[in-house]
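None of these values were measured; they are calculated from a predicted model. Proteins get letters first, then strands, A, B, ... in listed order; numbering begins at 1 in each.
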There are 2 protein chains.
Amino acid sequence: MRDVLDRIGDKWSLLVVGTLRAERLRFTELQRHIPGISQRMLTLTLRQLERDGLITRTVHAEVPPRVEYELTPLGGTLVELAMALADWAIQNHPRIEASRDAYDAAHAR
Amino acid sequence: MRDVLDRIGDKWSLLVVGTLRAERLRFTELQRHIPGISQRMLTLTLRQLERDGLITRTVHAEVPPRVEYELTPLGGTLVELAMALADWAIQNHPRIEASRDAYDAAHAR
DNA sequence: CCGGATCCCACGCGATACTG
DNA sequence: CAGTATCGCGTGGGATCCGG
């Protein structure tokens with residue numbers, strides 16, 4: 001459980017698998033789809049996900065080189081869960097915001 | 001989404017709400033149920049969860065003081081999602097482990 | 001185009017000590 | 001019992017430069 005949380009709980013992993021949900025993408029395309037991610041973090045995140053068997057990395061022997069990433073079936077199942085989480089987040093975000101405001105108002109001193 | 005991930009992705013929050021899933025508990029009881037958590041982190045985590053409206057904190061005016069924490073309905077819905085995630089983790093952990101071993105073996109140099 | 005290697009700092013978190 | 005206060009470090013991650 002900790003293992004899985006460490007994977008999906010970090011700053012970028014979910015964003016990456018979410019982006020790969022629909023389409024197979026190249027490194028630079030991923031970078032464009034995920035604003036704010038640095039080259040370094042994209043590389044590291046992709047390596048982790050590949051190591052865990054959630055995505056595959058295919059290098060095409062061409063010049064210039066082309067590397068494509070796509071979800072594995074295992075990664076696909078995780079994405080579905082993530083989407084459920086996203087739904088929950090969207091549905092309940094207003095409630096959470098309201099609760100925070102109330103809390104902050106009550107504890108303002 | 002980031003908001004929610006920050007909440008459940010941190011080191012202790014899920015452990016705390018998971019522990020509160022079945023029963024209302026006091027501070028010290030929580031501490032006993034979650035090995036390794038420090039007083040400080042338990043306090044901070046509880047404050048965050050309370051602020052977000054996922055748990056409630058009730059102080060009983062007694063000596064010695066008694067403070068009890070329990071899940072709100074909102075917190076309950078989150079726990080259900082978390083349990084789905086836990087199921088996924090348990091089911092797929094062997095696969096992930098295997099993938100890691102294979103990856104490490106292939107990249108050992 | 002797709003990264004690897006370094007440098008560096010903010011901050012998450014643990015350890016410890018103190019209090020109403 | 002249920003916290004708060006303070007210190008110190010480990011490390012996640014951004015910026016930057018280099019290389020096949």
Side-chain angles (χ1 to χ4, degrees), chain A residues 2-17 19-20 23-52 55-70 103 106-109, chain B residues 1-17 19-20 23-52 55-70 103-104 106-109:
Chain A
R2 269 260 54 83
D3 257 29
V4 177
L5 274 183
D6 286 345
R7 177 71 33 258
I8 67 160
D10 68 1
K11 194 168 178 184
W12 302 110
S13 294
L14 256 194
L15 258 35
V16 170
V17 294
T19 307
L20 289 174
E23 30 178 0
R24 175 178 359 136
L25 289 174
R26 313 176 52 169
F27 189 88
T28 321
E29 292 172 335
L30 273 169
Q31 211 172 183
R32 270 197 301 273
H33 277 76
I34 307 174
I37 195 169
S38 65
Q39 254 182 7
R40 171 193 153 84
M41 286 318 294
L42 182 52
T43 302
L44 290 180
T45 304
L46 289 171
R47 289 295 167 276
Q48 298 254 28
L49 294 172
E50 187 196 359
R51 188 170 105 100
D52 288 357
I55 64 173
T56 59
R57 175 178 189 267
T58 34
V59 185
H60 301 268
E62 308 169 357
V63 177
R66 181 163 55 100
V67 182
E68 291 184 319
Y69 298 90
E70 66 181 323
Y103 184 94
H107 295 71
R109 74 183 55 116
Chain B
M1 189 63 192
R2 270 259 53 83
D3 257 29
V4 177
L5 274 182
D6 287 346
R7 178 69 34 257
I8 67 159
D10 69 359
K11 195 167 176 185
W12 300 110
S13 294
L14 258 194
L15 258 34
V16 170
V17 293
T19 306
L20 288 174
E23 30 177 2
R24 174 176 4 133
L25 289 173
R26 315 174 53 166
F27 189 89
T28 321
E29 293 171 335
L30 274 169
Q31 212 172 181
R32 271 197 301 272
H33 276 77
I34 307 173
I37 195 169
S38 65
Q39 251 182 6
R40 171 193 153 84
M41 286 318 294
L42 181 53
T43 301
L44 290 179
T45 304
L46 288 171
R47 289 296 170 276
Q48 297 256 28
L49 294 171
E50 186 196 0
R51 188 170 104 101
D52 288 358
I55 64 174
T56 59
R57 173 178 189 268
T58 33
V59 184
H60 301 267
E62 308 170 357
V63 178
R66 181 162 55 101
V67 181
E68 292 183 317
Y69 297 90
E70 67 181 321
Y103 184 95
D104 291 345
H107 295 72
R109 72 182 54 115

Side chain to side chain contact (heavy atoms under 4.5 Å, CB included) between B/His60 and B/Val67, worked out: CA-CA 6 Å; B/His60 301 267; B/Val67 181; over 6 Å; no
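- If you measure from atom CD of A/Gln31 to atom P of D/dG14, you get 12 Å, rounded to the nearest angstrom.
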Show your working on salt bridge (charged side-chain N to carboxylate O under 4.0 Å, His left out) between A/Arg24 and A/Glu68 and close with a plain yes or no. CA-CA 7 Å; A/Arg24 175 178 359 136; A/Glu68 291 184 319; 3.1 Å; yes
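- To the nearest angstrom, P of C/dG14 lies 11 Å from CG of B/Leu42.
- A donor-acceptor pair under 3.5 Å links the side-chain atoms of B/Ser13 to the main chain of B/Arg7, judged by distance alone.
- Taking CG from B/Leu44 and CG from B/Asp10, the interatomic distance works out to 10.0 Å, rounded to the nearest 0.5 Å.
- Rounded to whole angstrom, the span from the CD1 atom of B/Ile37 across to the P atom of C/dG12 amounts to 16 Å.
- In this structure, the NZ atom of B/Lys11 is 14 Å from the P atom of D/dG10, given to the nearest Å.
- Atom-to-atom distance recorded for B/Asp52:CG and B/Ile8:CD1 is 12.0 Å, nearest 0.5 angstrom.
- To the nearest angstrom, P of C/dG12 lies 15 Å from CG of A/Asp10.
- For residues 27-47 of chain A, there are no salt bridge (charged side-chain N to carboxylate O under 4.0 Å, His left out) pairs, not counting sequence neighbours.
- The CE atom of B/Met41 sits 9 Å away from the P atom of C/dG12 (whole-angstrom rounding).
- Between A/Leu44 atom CG and D/dG13 atom C1' there is a gap of 9 Å when expressed in whole angstrom units.
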Each nucleotide N or O in nucleotides 2-4 of chain D that has a protein N or O under 3.5 Å away: list the pair and distance.
from  : atom 1 : to      : atom 2 : distance (Å)
D/dA2 : OP1    : B/Arg26 : NE     : 3.0
D/dA2 : OP1    : B/Arg26 : NH2    : 3.2
D/dA2 : OP1    : B/Val67 : N      : 3.3
D/dA2 : OP2    : B/Thr28 : N      : 3.1
D/dA2 : OP2    : B/Thr28 : OG1    : 2.3
D/dG3 : OP1    : B/Arg47 : NH2    : 3.0
D/dG3 : OP1    : B/Arg57 : NE     : 3.3
D/dG3 : OP1    : B/Arg57 : NH2    : 2.4
D/dG3 : OP2    : B/Tyr69 : OH     : 2.5
D/dG3 : N7     : B/Gln39 : OE1    : 2.9
D/dG3 : N7     : B/Gln39 : NE2    : 3.2
D/dG3 : O6     : B/Gln39 : OE1    : 2.9

